[in-house]
Peer 1: 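Got a structure for you, questions after.
A quick note: this is a predicted structure, and the numbers were derived from the prediction, not measured. Order of appearance sets the numbers: ligands from 1, and atoms from 1 within every ligand.
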Amino acid sequence: MTTTPDLDLSAAARALRAPRVVCMAHMDPDADTLGSALALTHALRAVGTDAVTAVGSPAGAADVVPGRLQALPGAGDLVTTEVESHPDVVAVLDCAVAERLGGLAAVLPRARRVVWLDHHQPGEPQGSVVVVDPAAAATAEIVARLVGELGVALTGDVATCCYAGLVTDTGRFTNEATTPSALRLAAELIEGGVDVVGLNRALFDVMGFEELRLLGRVLAGAYREPGGLVWSTVTEHELAEAGLTLADTDGVVELLRDVEDARCALLLKQRATGGLKGSLRGVGEVEVASIAGRFGGGGHRRAAGFDTQATVADVVAGVVEALDARRERG
Ligand SMILES: [Mn+2]
């Protein structure tokens, strides 16, 4: 739902006026969910609120923040298991459905107020105040507007965390989220003091030697299906050996997408606890959020994901079928 953004934002700012706020990022965090949660945490602290950031994790598992995201100011200072059972106010950032919060989802019904900020569609936002703006390049763009509403300047740690979300969700300012307003915000954030070179290198470029070798194996193990699906697999164990988490692989699926006749790319990550985490990317007119929806997931037009207990063969067959159906329609 998109309503008048300014109206929603002032309601969100009012709802966040509380002694203590827990800002939540979703499981397997990317730079937008974590950057948005950290940026809001920093901004709330600047106005005297006792704010903390918490990251969702699958039940029974420790929360895992990808090494690349450790570059975000505050990433080393996350609340893990000590989220209070009845928090005053919870803010949920960049999360389409509550299940994506893992164990943290149980806290929402016990909070006095929930402020839900997101740009995914479709989603199932649940909060006393909901700001969902699918036109926003990143949830970080919504947070940047909200930060202004709180009367906090877009400088320092707030600017760096917002920039991380913005540069990631725009594919480093290359995909369709690269709107004039995204670029204007980027300029404002850089004026606020973002170390563009250092942050980009930490978020996207620098990799361990084991990571380089794993990338080679995943690419060498790629398959191409009739209909334009290019896919590969990696196990959580292999990722862990290279010092990576399941959320560290966006760059890999984007390489699969770059094959010249690919219409869709799929990376299937086999969880140590069983089940698959799938990342999808679409090319051209191929819309992948609905393909992810077949497996209980969702996301954006050209980037989506899901968690499933289905087998690799069944998922691949399902995606090929979805691509075929689409082509027949036309
Ligand atoms: Mn996002």
Peer 1: Spell out the protein N/O/S atoms under 2.8 Å from the Mn ion (ligand 1) as residue plus atom name.
Peer 2: Asp32 OD2, Asp94 OD1, His119 NE2, Asp169 OD2
Peer 1: Can you name the ring pair (Phe, Tyr, Trp, His ring centres under 6.0 Å) partners of Tyr223, sequence neighbours left out?
Peer 2: Trp231
Peer 1: Are Val65 and Leu246 linked, directly or through other ILVMFWY residues, by side chains that come within less than 4.5 angstrom of each other?
Peer 2: no
Peer 1: Between Glu211 and Arg68, does at least one N-O distance fall below 4.0 Å, as a salt bridge requires?
Peer 2: yes
Peer 1: With side chain to side chain donor-acceptor pair (under 3.5 Å) as the rule and sequence neighbours excluded, what pairs involving residues 299-308 come up?
Peer 2: His120-His300, Glu176-Arg302, Arg271-Asp307
Peer 1: Check whether the side chains of Lys269 and Ser279 place a donor and an acceptor atom closer than 3.5 Å, and report yes or no.
Peer 2: yes
Peer 1: Just to verify, what does Asp195 make a side-chain contact (heavy atoms from CB on, under 4.5 Å) with, not counting sequence neighbours?
Peer 2: Val197
